[in-house]
Structures are given as structure tokens and as C-alpha cells.
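Reviewing the structure listed below.
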Amino acid sequence: MATNRDEILADFQACTGISDFEESLAHLEQSDWNLQQAVNSVLVPDGHGQDVPDTEMMDLTPSVVKVPTTSFSPPNNGACTSAAFDSPPSTRIRRLQFDVEYRDRRIHLRVEDSMAVCKLFTHFMVFETIYTTRLKATIKKLLNEELNIPVLLMDVRGWGGGRIIAKDNDLLSSLHLPLYNKLYLLTPDIPETDSIEENQNDEEQIEVLQRFELVIVDKDTGEERQVSYPANKTIREVKIDVHTLTSVAVRHQNWLDWPQANGDDTLTLADCNFNFPNHRLTFCRKQENHTKPHKSEDDEEVITDSDEFEDATDTLDLDDDAQFFGDDNNGQSHKFKPLLPSGIDDPTEALTFFTQEFEERYGQTHPFFFLGSLDDATKEAFKPQLVDRKPLAIYLHHDRSVQVNVFCSQLLCSESIVSYLSHHFVTWAWDLTLDINKARLLNMCTEHFGSMAASTVRNIQDDQFPIILIVMKSRSNAEVFSISQGNTSLDEMMTALIHSVDVFNHQRSVSMAEDSERFEAERLRQEQDAAYQESLIADRAKAEEKERTEREEREKQQREDRERKEREQNEEAMRLSLEQQVSEEPPADIKDGVSTLRMRLPNGETLIRRFYGSHALETLFYFIGSKGYRTEEYKLLTTWPKRDVTSLDGAKTFKECGLYPQETLFVEERHDAE
């Protein structure tokens, strides 16, 4: 083993693949510069080179990766051999648990404290095989796998309850954290939503999807930069990006060839009549002369065009009137204008002016101030649907407070506060520097939050500003929940905001549960009412159907009775008519020339009738018809040979038809009768 520490460090980095000097040095010092123990502590955390059980780790790398033999050559000093991984580490590894809050999500992680805050996977080579270690990925790497957010854009806060500022290469063990930890992830560079709203029309979607390739030329230095922007990028955002690239503040940028000449920085690239998709822009620095009065030519050169010089003037002890309104008598003016002049009555216009002047003072990174009246901001925060509500944060500014510049630049405009306020709050701002604006605010507070809140704001001293009021809506009333003054730290302010959101979410959950119960009870009542109404309708329909059926049956019965009576009357009239046509029966004492007929009826009865043999056969038809058996429906049959008498000619006599002197006939119903 090498005795020189430089050689040990080089061998350790060659074996582990860790290029970071401070991290390598930390591992070696922790192992008392024992190369074998240090390598094992990094590559084989469980001590025997075996996989950690799946229930205790999250494996994010393949177990074995094959490489060509020629791609590997072991160190000359033999420091990195298989023997270097046989012995277990000497220190015990703790597995820490983390609950990381990110916007509306909570991610649970388990990480070994031997890991760094942000260390990617490592691997080591033993002759012809690369064995990829199955170590737990650390906090930011696990969050990257879970949320698909680049590690470089992550800002993890809350280490040790906000008392510790952790660097990416810090070992978790060096932070002395408890087993259970709560962190929160901030991503100020990532907007709350990157997707196109589903309800946008096709033209808006096409505009967002188009991208402009801009060539931005710095006329002073001759440098050219090529950037790509979506069509909905505003001129203001382009200028801010140029400030990031060139360190030239937006107010010092002089653009020479914008197609729009009206100076409206809110226009998008799609509205600027650029050449699509490529366009060339040129800018230079504005020439400003910052001179001091009564300065002689022999004096030193005055600093010009310096942001540091301008920022330094913020802290000068100036007269209040000169600070806010300038000193016209001397021909000079302080660079700050009042955030809220007295002559603007429209709230939207006033807040727009407030935002623009705030950006001139403290830069582009600041909370999004709601542009509108306090009434509109209250409606935006406390929407009718509970799930859409947010707490209302009211920032009250006062330029006569000595804390205002430090609070705005270091706290209110910090990326963590900006991100948290933008995601969880509706933020509204107002400037109380002028008495008339303070009176307007007190009237608005009395109207929306009651006289108690207005009295609280009225009693706040000037040196206690700026303050942030957190307003929540309980039941139907909006009330001030907390007041954060300007003399606070970043961690205290973040803790207060997080606590406010937790309380708000709890109250909202309780209200949503109560509303859900009321809704469920109302829904049940409505269902019962609907079922009762349906039952009434069904019963009414059944009664109407029964009445209709009974009415139809009565009408049918009456119709049948009427038809039956008419039929009986017709049959009786026909029977009487036939009976009148029947000739009289021969007297009993006449024997000769008489035909005696026995007629068996369908009901089993037998009729005996005597006819004159010389009479026509139709007399028989009249007789049997008068008994109700008309020849149209019944027929007369002889016994043997069987003949249908009704088919014979009725004009022939009984003798001619063979029905003399006697005959037996059967009366049968015609089955083929219509």
C-alpha cells in the first residue's frame, strides 16, 4: 500500500471513480487513511459485497456490466485489487428516513447516512468486469428519479429543522441528523405548470409550440449569442435572460432593432413581427453620466453605470421627501420613485405601477403580486370551491422603515420565499408610505376583514414595517391569521409560511369533510324525495291504468251486450218470419200422404214433425229454421245412405226427395260456415 497520502488519494479516486476532492478526502480521513477500509466503506456499504435486501434499499443500477478486456488496466501499485473489498467497514451505517414536501406532493425516502447529499452512482473495476455498486441513491438523486426534475434545479431546505445549510458534497453523517427528518424541495426556476391548458384553442397551442431562433448581438463587445425561445416568450423575459448572460441590467439595455417601437415589454415574440423562425437582434449599453455637483476636473473619475453604486445609495440617510419625490431645486432626483403614487385611483393600475417600480428596485425575482383591488384578490384566494382556495398573503410596504431594503432584497425576493408564495398563496401588495394610501388600505381592511384588522394595521409603527399579513377564510368570514414583521430571518419566515399553509390545509380539510357530509345528507334527502315522487307518479299511473282498463272492459261489455241483444232480436225476428212461412202440420187422423220426420238436434233433443208429402222441401227448412237452426249455419243429414238434405232443391216435394213416408234426420252445425 502506498505510504504517500497523495498516492493514496489518487489510488482511492481511481478505485471508486469519485472525482470530487473534498468527498474523497472526507472518506479517507474517516477511515484514518486506510485505503482498503475507505474503498470498502464506499463500494460495499453492507460489508460483504452482497446485495442489500429489496425491503431496505432502492436499487437503481444494474448489477453487472461487462466491458472489453482492453478497456481496463489496474493500477501499478496494486492498490485496487479484489482483496480490497473483502473486509467489512469499521463504522456502523444508519438508515435515515426523510419526508420531502414538494408543492402538493410528499415523497418518503430512506437513505444511508454514509451518502452525500447529492452523489451519483459509482462503480469500480476488478480486472475484466465492472461491478456497479448497489448503493442507495442519495436525496437529490432519489428525488430526480421520483419527480424527473434535474438535480441542478433542486433546492432542498429544512436540514436539521432549518438550522443547517447542507452542501451537495456533505456526507449525511456529518450533519448529525435524527432518524426521521422533514424537508421541503424548492424549484424556483420551474413554473408551477409547464403544460398547455386543455381548454386552449388550436391557435393558442400552435403559438406556444412555435420557437424562434434569435441571434443576439452585443454591439459593444461584438459577441453573438444564439438562443431559442417559444413564441409566447415576452420581450421583458428576453431582456431578463440577456441580463443573466451579460450582467447588463434591464434598465441599461438599449435595443436597436425591435420591430415594435412602442416600448411595450409585455408583448410576446409572436406579436413582434419577427422573421420566423430566425431573427437577429442588436443591443448596446445605455450611456449614463453620474456626476457629483461642484466636482473639479482634477478630481477622480466618478463611477458610472455601476449596479453596486446604485444599490449602495439605497442605504444612504436621505430626507424622506427627497427619497420619495426627489429634490427638484438641486436638479437632482433619487433613483427611487414611490411604489404607490397618490394620484392613481384604479387598483389594477396602481398595483401594476407598484410591481414595475418594485422590479426596478429589487430585480425581477419577487413574488407575483396580484394586479387588482383587494376585493378581487380576496375573491381569487377564497373561491367558492374549497379545493380551489388559497390563503391570502398581504405585503405592506413602508419606505420610511430602515428594514425595508434588507427585507425585500434578502427575504421577500429570495428564491425559496418566492417559490413558496407563488405556489401556495395569492399575494397582494400595498404601499403605506403616503398617508392617503394608508387611509385607503384601512378602509379596505375594515370593509373586508373588520375593524379589528384595520385597528391592528393602524397601530403598527413605521419602524416595524414591512409586514406580511396572512389572511384565511373560516366559514364565511375572512380573518387575519398571522402577522410577520420585517425583523425576522429567512428560516423563521419560511417556517411561519409553512405553518400557515399547514393550518390552512387542515381547516380546509375539515371544511371539505363537513361540506361532504352536508352534501351527502342533502343528496340522500334529494334521493329520498325523488324516490317518493317517483312512487307517487307510479301509483298515480297504476291508478290511471286500472281506471282505464276498467272503463275499457265496461265499454266492451256494453258493446257486446248491445251486439248480443241486436243479434238476438235479429234472430228472433228471422225465426218468427220463418215460423210464419211453415205450413200447418197435418191433423193426427190423416194417415195417407203424410211424411213423418224425426230430427235429432245437436243438444240431444228430438223433434217429431209431420208434413204433407206433396209439400215442397223448403217447408222443412222453414220449420227447422224457426227452431233456431237455419240452413245457413246447420245442415240436415239422413242416416243411411247419408245425404245432406239442405243441399237438395227446396222446390221438390218430400216424396221426390225420398223423405216419405218417414225419415230420421240429424241436425249438425256447418264447420265451413263463414
Side-chain angles (χ1 to χ4, degrees), residues 102-103 149-150 152-158 165 184-194 227 229-230 232-253 265-266 268 306-315 335-337 339-340 351-371 390 393-397 399 403-431 466-468 484 486 488-498 501:
Y102 176 66
R103 296 183 177 177
I149 297 176
L152 296 178
L153 300 181
M154 295 183 183
D155 184 9
V156 181
R157 298 295 181 91
I165 300 177
Y184 54 91
L185 172 62
L186 304 178
T187 54
D189 295 332
I190 299 179
E192 186 170 346
T193 174
D194 294 328
V227 292
Y229 289 124
N232 62 345
K233 192 82 169 181
T234 64
I235 295 176
R236 183 71 177 178
E237 292 172 336
V238 174
K239 291 182 178 180
I240 294 172
D241 291 347
V242 171
H243 166 65
T244 303
L245 295 173
T246 63
S247 299
V248 179
V250 174
R251 59 182 178 274
H252 297 314
Q253 297 174 12
D265 286 357
T266 62
T268 63
S306 171
D307 293 340
E308 291 77 12
F309 174 77
E310 293 178 358
D311 293 338
T313 60
D314 296 347
T315 59
K335 71 167 186 173
F336 284 169
K337 300 177 182 178
L339 291 181
L340 200 61
L351 267 297
T352 302
F353 187 93
F354 181 99
T355 303
Q356 293 175 351
E357 186 61 26
F358 192 91
E359 291 178 354
E360 290 293 329
R361 294 190 188 186
Y362 306 110
Q364 300 295 323
T365 302
H366 63 79
F368 173 77
F369 298 126
F370 182 86
L371 301 181
K390 290 183 177 181
I394 301 178
Y395 169 66
L396 299 182
H397 187 90
D399 277 323
Q403 303 174 134
V404 64
N405 289 326
V406 174
F407 179 86
C408 291
S409 60
Q410 298 184 10
L411 275 73
L412 188 61
C413 294
S414 65
E415 294 181 356
S416 58
I417 298 296
V418 170
S419 176
Y420 201 79
L421 282 174
S422 300
H423 182 68
H424 294 284
F425 292 84
V426 172
T427 306
W428 188 80
W430 196 258
D431 183 11
I467 63 173
I468 294 181
S484 298
T488 184
S489 65
L490 179 61
D491 288 340
E492 290 174 345
M493 184 174 179
M494 178 60 74
T495 301
L497 293 178
I498 293 176
V501 172

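Since the structure is predicted, the reported quantities are computational estimates derived from the model, not experimental observations.
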- Task: With the side chain counted from C-beta on, respond yes when V242 and Q253 share a heavy-atom pair under 4.5 Å apart, and no when they do not.
- Result: yes
- Message: Test of understanding: with ring-ring contact (aromatic ring centres under 6.0 Å, His included), list the residues that count as partners of F369, not counting sequence neighbours.
- Response: F354, F358, H366
- Task: Taking K390 for its side chain and T427 for its backbone only, find out whether a donor-acceptor pair lies under 3.5 Å.
- Result: no
- Message: Would you say that L339 contacts W430 through its side chain, given a criterion of any heavy-atom pair below 4.5 Å between the two side chains?
- Response: no
- Message: List the residues meeting ring-ring contact (aromatic ring centres under 6.0 Å, His included) with F407, not counting sequence neighbours, and say none if there are none.
- Response: none
- What pairs with T488 under side chain to side chain donor-acceptor pair (under 3.5 Å), at least two apart in sequence or on another chain? E492
- Examine distances only and state if a side-chain atom of E357 and a backbone atom of L340 form a donor-acceptor pair shorter than 3.5 Å. no
- Query: Excluding sequence neighbours, so at least two apart, what forms side chain to side chain donor-acceptor pair (under 3.5 Å) with T234?
  - Reply: E237
- Task: Would you tell me whether S416 and Y184 have side-chain atoms, one donor and one acceptor, within less than 3.5 Å of each other?
- Result: no
- Query: Is there a donor-acceptor pair under 3.5 Å between the side chain of Q364 and the backbone N or O of I240?
  - Reply: no
- To the nearest 0.5 Å, atom CG of L371 lies from atom CG of L351 at 6.0 Å
- Task: Please answer whether the main-chain N or O of V418 pairs with a side-chain N or O of S422 as donor and acceptor at a distance below 3.5 Å.
- Result: yes
- Message: For a 4.5 angstrom cut-off between non-hydrogen side-chain atoms, does L185 reach M154?
- Response: yes
- CG (L153) and CG (L186) are apart, to the nearest 0.5 Å, by 12.5 Å
- Message: Test of understanding: with side chain to side chain donor-acceptor pair (under 3.5 Å), list the residues that count as partners of Y229, not counting sequence neighbours.
- Response: D241
- Item | Those residues that, when tested against Y395, pass ring-ring contact (aromatic ring centres under 6.0 Å, His included) (two or more places apart) | H397
- Taking all non-hydrogen atoms of both residues into account, name the closest pair between P367 and L421 and its distance. CG-CD1, 3.7 Å
